[in-house]
Every structure is written in C-alpha cells, then in structure tokens.
Chemist: 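Below is a structure I'd like to ask you about.
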Amino acid sequence: MCADSSSTPSTFSSDSKFSSTSRKAASVLSHHPERITSGEQARQLAGIGRKIADKIDEFLQTGHLRKLDKIRASDVAVATAELSRVSGIGPAKARQLIDGGVRTLEELRARPELLNRHQTLGLRYVTEFESRIPRQEAAAIERHVLHRVAELDGRYRATVCGSYRRGAESSGDVDLLITHPDYTSDGAETGRRRTVDGAETGRGRSAAGSATARGSGRSAGGRLLGAVVDHLSQDGFVTDTLSQGDSKFMGVCRLPGAQYTTHRRLDIRLVPHDQYHCAVLYFTGSDEFNRQMRAHALEQGFTLNEYGLRPLGTTGVAGEPVPVGSEREVFEYLQYPYRPPEQRNL
DNA sequence: GTCCC
DNA sequence: TTCCATGCGCG
DNA sequence: GGGACCGCGCATGGAA
C-alpha cells in the first residue's frame with residue numbers, strides 16, 4: 001500500500017532490524033515534501049542516521065549503490081524475493097525452501113507437500129493476488145457483500161475500509177468491518193475474556209484449533225462471523241479461506257459474472273459494537289494519518305486506538321473509553337477538524 | 001541502524 | 001488435550 | 001554506553 005521501499009532485500013543477518021530501520025527511513029524520505037539534494041540534508045530528518053546519509057551521498061554521486069548491486073546479484077536474495085511473492089511465505093519459510101533446493105515458483109509447484117493451507121492457496125492465486133482491484137470492481141464487491149449481509153440479518157452493520165474508503169482508484173484487497181448489536185466488548189454473552197484497549201501485555205492467543213471453532217463450542221463472535229462467511233460462501237462469492245477465527249476471516253472471493261475473472265483477497269473483521277467507529281477510523285487509515293491523529297489525541301490528553309478513545313489521567317493511566325456514536329464524534333472529542341476519508345491520504 | 005536515555 | 005513459541009499478514 | 005524498536009489474530013507444530 002505504501003511506497004514500496006524497493007523490495008527490501010533480506011539477505012544478511014538479523015534483517016528484522018534492517019527492515020524496520022530502512023523502512024522507517026524510506027517512509028520518512030518518501031513523505032518528505034522537498035527534494036533531497038544531500039545526505040547532510042536528509043540527516044536532519046528523524047530516522048536518518050549517518051549510514052543512510054552516506055548511502056544517499058553515494059547514490060547522488062554515482063547513481064547507484066555498491067552494496068545494493070551486490071545484494072541484487074545474490075542468488076539467495078533473488079530466490080527469497082521470488083518465493084515471497086506467495087502469500088503465507090515469509091523470510092523464514094523462503095529460507096527453509098531454499099535450503100531444501102527450491103528456488104522458483106515452478107519448483108515449488110512440483111512440491112505441494114511442503115506448503116500449508118495458506119501457502120497452497122497463495123501459490124495457486126499468486127498472479128491474481130498481485131493484480132490490483134479497480135475501484136469499479138471494489139465497489140461491486142462492496143454492493144454484493146453489503147446486500148448479502150443485510151439479507152442475512154438486518155442488524156449487522158458493515159463498512160468497507162482501507163484505501164477503497166479513502167477513494168483510491170485501485171486497491172490491493174477488500175477490508176470489510178462488520179459489527180452486530182449482540183456482540184459487545186463487555187463480552188456479556190460470550191463468557192470469553194476480552195480486552196477493551198489492547199494496552200495489556202499483548203500475549204498471544206491460543207484460540208482453540210479451527211476444528212473446534214467450527215463445531216458446537218463457538219463464541220458469540222465466532223457464530224456471528226461464521227454466519228456471514230457461510231452466507232457469502234453459499235452463492236460461491238467466497239471461494240477459499242486462508243484463516244478464520246472468532247473475529248477475523250482472511251480469504252478469497254470472486255464476484256459472479258463472466259467479467260470477473262480474478263480472485264481477490266477479502267478480509268472480514270467482526271468488531272464489538274461499542275468499538276465499531278474507532279475500528280472503522282483505524283482501518284480506514286492511512287497509516288500516516290492514524291499516527292498524526294493519535295499524536296494529536298495525546299496532546300489533548302487522550303489515547304486513541306482501534307478499540308476506543310480514552311482519556312488519560314494525570315498519572316498517565318488511561319480511563320474508561322468515551323462512548324462514541326460516530327466516526328465524526330472522535331474528531332469532535334479531540335477538537336480535530338473533521339476530514340472525510342478521501343482527505344486522509346497522508 | 002537509529003533514537004533516546 | 002492444553003499450552004506456548006514462532007511465522008505471517010496487515011493497517 | 002546500552003536498551004527499545006507496533007501490536008494483534010490466526011495457523012501450526014512441538015512441549016508439557
């Protein structure tokens with residue numbers, strides 16, 4: 001979605017460090033309004049240190065980077081980039097495959113037993129997932145989904161977020177948020193522990209295996225999300241599932257009709273009713289807009305995230321979430337001039 | 001690697 | 001069977 | 001000089 005930081009080469013040691021810093025540097029540079037004419041100038045920006053400034057100077061003077069040339073020439077980096085085109089294959093799996101002698105998608109197709117479910121689907125649809133979704137088609141998907149959800153149960157509320165909601169002419173996937181009055185963050189009828197703010201330790205879940213989730217013992221969320229997914233699968237719109245839990249479905253869809261030949265990535269999140277507007281705000285982005293808005297919230301003595309808007313006590317401890325009746329209300333609480341989604345493309 | 005303490 | 005760590009995708 | 005670096009849902013596989 002953001003300016004591709006020239007396909008992060010993850011060749012050498014601890015590349016998590018590498019990618020996070022260089023991503024940050026690339027982001028800062030790409031958002032900088034003026035033309036960078038020297039490493040020294042770039043050095044003033046947050047996230048640009050000595051090394052990167054040096055590289056900028058080298059590039060400005062020679063038109064290329066020796067180190068980058070070397071990385072691009074590396075077979076392993078080429079193979080890693082190739083295998084990473086497949087959804088579900090990241091650096092670790094790519095390395096494992098390369099170690100096993102698999103370096104191309106063609107070789108990968110010959111070894112289906114090496115892939116899990118997500119990766120298998122990622123390989124099947126690799127080309128289709130790489131093509132962008134024209135706004136027209138995204139709109140048709142939106143109409144289809146909203147109609148189907150409404151006919152299932154009129155109490156659902158649903159919004160397509162992401163770059164589509166910001167008016168983009170094309171999108172990488174469709175991100176649908178849904179909510180239902182029977183599903184709230186107090187977990188009244190779920191009996192499951194739920195967090196209202198995400199500020200807790202953030203330990204991983206252990207959600208019972210999907211086998212269980214599909215069966216009888218399903219939480220309120222699981223049923224509400226599952227019903228939507230089932231309904232969307234009924235008419236063949238949803239074609240595959242990459243993953244599905246109680247609150248998030250990640251899968252594949254395709255509209256009926258001969259003009260729609262390409263499978264598209266579809267995500268559906270079920271959000272607690274009382275957190276819906278903050279979630280829509282958050283998942284509409286852009287990332288940069290979210291950062292700015294959260295920073296503004298802090299200045300106003302609030303903390304803002306996808307779960308809610310909460311006042312900060314003098315001690316810095318967040319209080320109870322402010323009840324929010326619309327996306328616009330969040331802006332109002334923060335005395336932040338309202339911006340329609342189309343103007344959040346920062 | 002960069003930022004910040 | 002349950003718990004836990006790791007990999008991955010994502011805004 | 002030395003630690004922090006976004007946080008979270010889901011799948012998976014090995015440990016308990």
Side-chain angles (χ1 to χ4, degrees), chain A residues 1-2 8 10 12-28 42-55 67 83-97 115-122 129 161-166 168 171-177 192 194-195 197-214 219 221-222 225 241-251 265-271 278-291 293-294 305-307 341 344-346:
Chain A
M1 51 171 308
C2 41
T8 326
S10 56
F12 297 108
S13 58
S14 65
D15 67 284
S16 59
K17 185 178 35 173
F18 171 84
S19 74
S20 85
T21 41
S22 61
R23 245 164 216 276
K24 178 174 183 185
S27 169
V28 166
R43 185 72 181 77
Q44 308 307 313
L45 279 43
I48 309 291
R50 197 186 73 234
K51 301 277 232 181
I52 290 181
D54 286 351
K55 286 180 173 57
K67 176 150 183 171
L83 296 170
S84 298
R85 291 170 58 197
V86 175
S87 181
I89 297 184
K93 182 66 183 182
R95 201 156 306 170
Q96 179 189 322
L97 288 168
L115 302 180
N116 65 24
R117 175 184 175 83
H118 183 152
Q119 294 157 348
T120 300
L121 290 165
F129 288 171
C161 298
S163 61
Y164 170 76
R165 185 158 182 260
R166 301 200 305 274
S171 307
D173 64 4
V174 173
D175 197 7
L176 179 74
L177 261 58
R192 316 179 75 246
R194 185 167 304 291
T195 148
D197 79 284
E200 70 173 47
T201 49
R203 273 286 93 73
R205 275 300 127 103
S206 53
S210 47
T212 315
R214 304 199 157 286
S219 70
L225 178 59
T241 299
L242 297 172
S243 65
Q244 179 176 359
D246 288 344
S247 67
K248 188 176 71 174
F249 163 86
M250 296 177 72
R265 280 279 295 104
L266 171 69
D267 290 350
I268 306 176
R269 300 166 207 274
L270 175 68
V271 177
C278 286
V280 166
L281 176 63
Y282 177 85
F283 286 109
T284 296
S286 68
D287 291 348
E288 182 58 29
F289 170 77
N290 286 346
R291 274 190 283 274
M293 188 143 176
R294 275 186 257 130
N305 59 26
E306 63 185 290
Y307 306 112
R344 299 178 201 166
N345 288 300
L346 302 186

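The chains referred to below are lettered A, B, ... by the order of the sequence lines, with proteins before strands, and numbering in each begins at 1.
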Chemist: With rounding to the nearest 0.5 angstrom, report the OH to CZ distance, Tyr282(A) to Arg294(A).
Modeler: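 With rounding to 0.5 Å, OH (Tyr282(A)) is 6.0 Å from CZ (Arg294(A)).
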Chemist: When the C1' atoms of dG1(B) and dG9(D) are compared, how many Å lie between them, rounded to an integer?
Modeler: 30 Å
Chemist: For the side chain of Ile52(A), starting at C-beta, report the closest nucleotide among dG1(B), dC8(C), dG9(C).
Modeler: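 Nearest nucleotide to the side chain: dG1(B).
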Chemist: What's the closest nucleotide to the side chain of Asn116(A) if the choices are dG11(C), dC10(D), dT12(D)?
Modeler: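 Given the options dG11(C), dC10(D), dT12(D), the side chain of Asn116(A) is closest to dT12(D).
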Chemist: Please check the phosphate of dG11(C) (OP1 and OP2 only) for any side-chain N or O of Ser286(A) closer than 4.0 Å.
Modeler: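 Result: no.
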Chemist: So if I take every side-chain heavy atom of His118(A) and compare against dC10(C), dC8(D), dG9(C), which nucleotide ends up nearest?
Modeler: dG9(C)
Chemist: Determine the Euclidean distance between corresponding P atoms of dC6(D) and dC4(B); express it in Å to zero decimal places.
Modeler: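 To the nearest whole Å, 13 Å.
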Chemist: Nearest of dT12(D), dG11(C), dG9(C) to any side-chain atom of Asn290(A)?
Modeler: dG11(C)
Chemist: What's the closest nucleotide to the Ser243(A) side chain, out of dA11(D), dC3(B), dT2(B)?
Modeler: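 From the listed options, dA11(D) comes nearest.
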Chemist: Students often get this wrong, so: under 4.0 angstrom with heavy atoms, is Phe283(A) touching a base, only sugar-phosphate, or nothing?
Modeler: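 If one applies the 4.0 Å heavy-atom cut-off, Phe283(A) turns out to touch the sugar-phosphate alone, with no base involved.
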Chemist: For Ile48(A) and Ala25(A), which heavy atoms make the closest approach, and how far apart are they?
Modeler: CD1-CB, 3.7 Å
Chemist: Go through the structure and list residues passing salt bridge (charged side-chain N to carboxylate O under 4.0 Å, His left out) with Asp267(A), not counting sequence neighbours.
Modeler: Arg265(A)
Chemist: When you get a sec, tell me which of dG1(B), dC3(B), dT12(D) is the closest nucleotide to the side chain of Lys51(A)?
Modeler: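 Closest of the options to the side chain of Lys51(A): dG1(B).
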Chemist: Of the candidate nucleotides dG7(C), dG9(C), dC10(D), which contains the atom at the shortest distance from the side chain of Ala92(A)?
Modeler: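 The listed nucleotide nearest to Ala92(A)'s side chain is dG7(C).
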Chemist: Which part of the nucleic acid, if any, lies within contact of Leu45(A), taking any heavy atom under 4.0 Å across all strands shown: a base, the sugar-phosphate backbone alone, or nothing?
Modeler: sugar-phosphate
Chemist: Could you please name the option among dT12(D), dC10(C), dC8(C) that lies closest to any side-chain atom of Arg269(A)?
Modeler: dC10(C)
Chemist: Using only side-chain N and O atoms of Arg265(A), determine if any of them is under 4.0 Å from OP1 or OP2 of dC10(C).
Modeler: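 Checking dC10(C) against Arg265(A), a side-chain N or O does come within under 4.0 Å of OP1 or OP2.
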Chemist: Tell me whether the OP1 or OP2 atom of dG7(C) has a side-chain N or O from Lys93(A) closer than 4.0 Å.
Modeler: no
Chemist: Which one, dC10(C), dG11(C), dC10(D), comes nearest to the side chain of Met250(A)?
Modeler: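 So the nucleotide nearest the side chain must be dC10(C).
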Chemist: Can you sort out the partners of Arg117(A) under salt bridge (charged side-chain N to carboxylate O under 4.0 Å, His left out), two or more places apart, ordered by chain and number?
Modeler: none
